[in-house]
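Below: one structure, written as structure tokens.
For ligands, and for the atoms within them, numbers begin at 1 and follow the listed sequence. We number each residue from 1, following the sequence as shown.
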Amino acid sequence: EKGNYRHFMQKEIFEQPTVVAQTLSSYVRPLEQKVALPQIDFDISAINRVTIVACGTSYYAGMVAKYWFEQFARVPVDIDFASEFRYREPVLEKGGLALFISQSGETADTLAALRHCKAEGQTIAVVVNVPTSSMAREADLLLPTHAGPEIGVASTKAFTCQLAVLAALAAHFAARKGRIDAAEEAEIVRYLLEAPACLNGALQHDDEIAAMAHLIAPARDVLYLGRGPDFPLALEGALKLKEISYIHAEGYAAGEMKHGPIALIDEAVPVIVLAPSGPLFEKTVSNMQEVRARGGQIVLISDAQGLEEAGEGCMATIEMPKVHPLIAPLVYAVPVQLLAYHTACVKGTDVDQPRNLAKSVTVE
Ligand code: F6R
């Protein structure tokens with residue numbers, strides 16, 4: 001049931017504050033200021049390597065998690081597209097954790113990779129939205145997202161719920177490995193619990209983004225740039241735009257632009273820059289200036305401070321709430337989802353059922 005919404009995708013984007021809060025409620029204990037995982041019967045502090053495998057949007061959630069696991073828990077992380085994973089004959093050391101991320105829990109490549117890792121003696125953890133799915137059944141450690149059924153083919157709320165679980169998992173690792181103390185864990189818990197309100201703040205820009213979509217809809221190509229944990233968000237933004245509006249889009253690590261893709265820049269190519277203020281901000285802004293010097297039309301997504309510093313001369317800006325870098329990827333998912341959604345609406349495409357795509361990909 002779509003209720004008052006035009007599309008399931010739109011409804012699911014707007015459900016995010018609620019479903020992220022719902023998901024977090026099983027991973028954090030607000031009173032004790034601790035993260036809490038479902039009952040597990042193995043020693044997480046003994047895990048020295050994590051291998052993440054997923055497809056599509058779930059893969060991008062995994063890319064964000066790699067930054068978190070390495071930064072907070074100092075655990076090395078390998079990540080692969082499920083379709084590539086087995087065929088490169090990965091080296092899986094004893095005692096590793098293999099982590100699979102999937103909305104449906106049925107994606108054929110991801111499931112095959114899971115079975116491969118199980119046969120290789122890895123501990124199997126899954127972040128999955130469908131609790132009755134094959135992946136959920138075959139896991140040693142089941143980490144459900146509580147996004148509720150996702151009907152729109154383009155994944156939205158499942159993604160932010162995956163990020164919420166992965167952030168809690170990273171914090172749990174960090175705490176068990178003694179990389180953060182109780183005060184730091186409490187701080188992370190506080191930031192995580194702020195996420196639903198920040199998502200709400202991001203959703204307030206819906207009308208503005210709907211107007212902006214008219215600037216994006218005529219484009220043939222669009223670029224998305226981000227750094228650090230916001231680089232996967234650039235990839236996710238490009239994927240969302242491609243799949244529902246059929247505009248060619250690419251996501252790039254902001255610093256990688258000048259190594260080739262900058263040759264594409266002219267007045268006809270909108271460049272969406274995801275740059276929360278913080279330690280990487282200045283670097284991203286200087287990459288943005290390189291684009292601007294070549295006539296690129298920029299949409300800057302940042303907080304008030306970032307827009308104040310670098311918003312001038314942009315084709316458009318979108319102001320996000322000021323958030324801790326840990327939850328920025330969750331919050332910045334909203335404007336890229338809305339931009340893709342409204343651009344598709346301007347173009348009149350079938351938003352919930354884009355051509356050539358299926359909700360669950362059960363062939364390899
Ligand atoms: C993008 C999208 C797909 C899925 C991918 C993996 O919007 O929906 O890229 O993310 O097919 O699906 P799951 O997460 O079900 O394994």
### Message
If the cut-off is 4.0 Å to any non-hydrogen atom of S58, which atoms of ligand 1 fall inside it?
### Response
10 (O), 13 (P), 14 (O)
### Task
Before accepting this row, confirm whether a basic side-chain N of the pair E70/K66 lies closer than 4.0 Å to the acidic partner's carboxylate O.
yes
### Message
Using a 3.5 Å distance criterion without hydrogens, assess whether the side chain of Q33 forms a donor-acceptor pair with backbone atoms of P30.
### Response
yes
### Task
Run the salt-bridge test on E364 and R86 with the 4.0 Å N-O cut-off and return the result as yes or no.
yes
#### Entry: Ionic contact status for E290 with R294, cut-off 4.0 Å
no
### Message
Out of T57, T107, V153, who is nearest to atom 8 (O) of ligand 1 when you count heavy atoms only?
### Response
V153
### Query
Relative to the heavy atoms of K240, which atoms of ligand 1 are at a distance of less than 4.0 Å?
1 (C), 7 (O)
### Task
Output yes when the distance from some N or O of ligand 1 to some N or O of S104 is under 3.5 Å, and no in every other case.
yes
### Message
On the six-membered ring of F72, is R179 placed so that its NZ or CZ lies under 6.0 angstrom from the centre and within 45° of the ring axis?
### Response
no
### Task
Tell me which protein heavy atom sits closest to atom 11 (O) of ligand 1, plus the residue, atom name and distance to 0.1 Å.
V361 CG2, 4.2 Å
### Query
Hey, is ligand 1 close enough to E243 that some N/O pair sits below 3.5 Å?
yes
### Proximal atoms of ligand 1 relative to S102 (non-hydrogen, under 4.0 Å)
13 (P), 14 (O), 15 (O), 16 (O)
### Query
Is the closest basic N to carboxylate O distance between E150 and K359 below 4.0 Å?
yes
### Task
Nearest heavy atom to atom 6 (C) of ligand 1 wins, so pick from G56, A340, C55.
C55
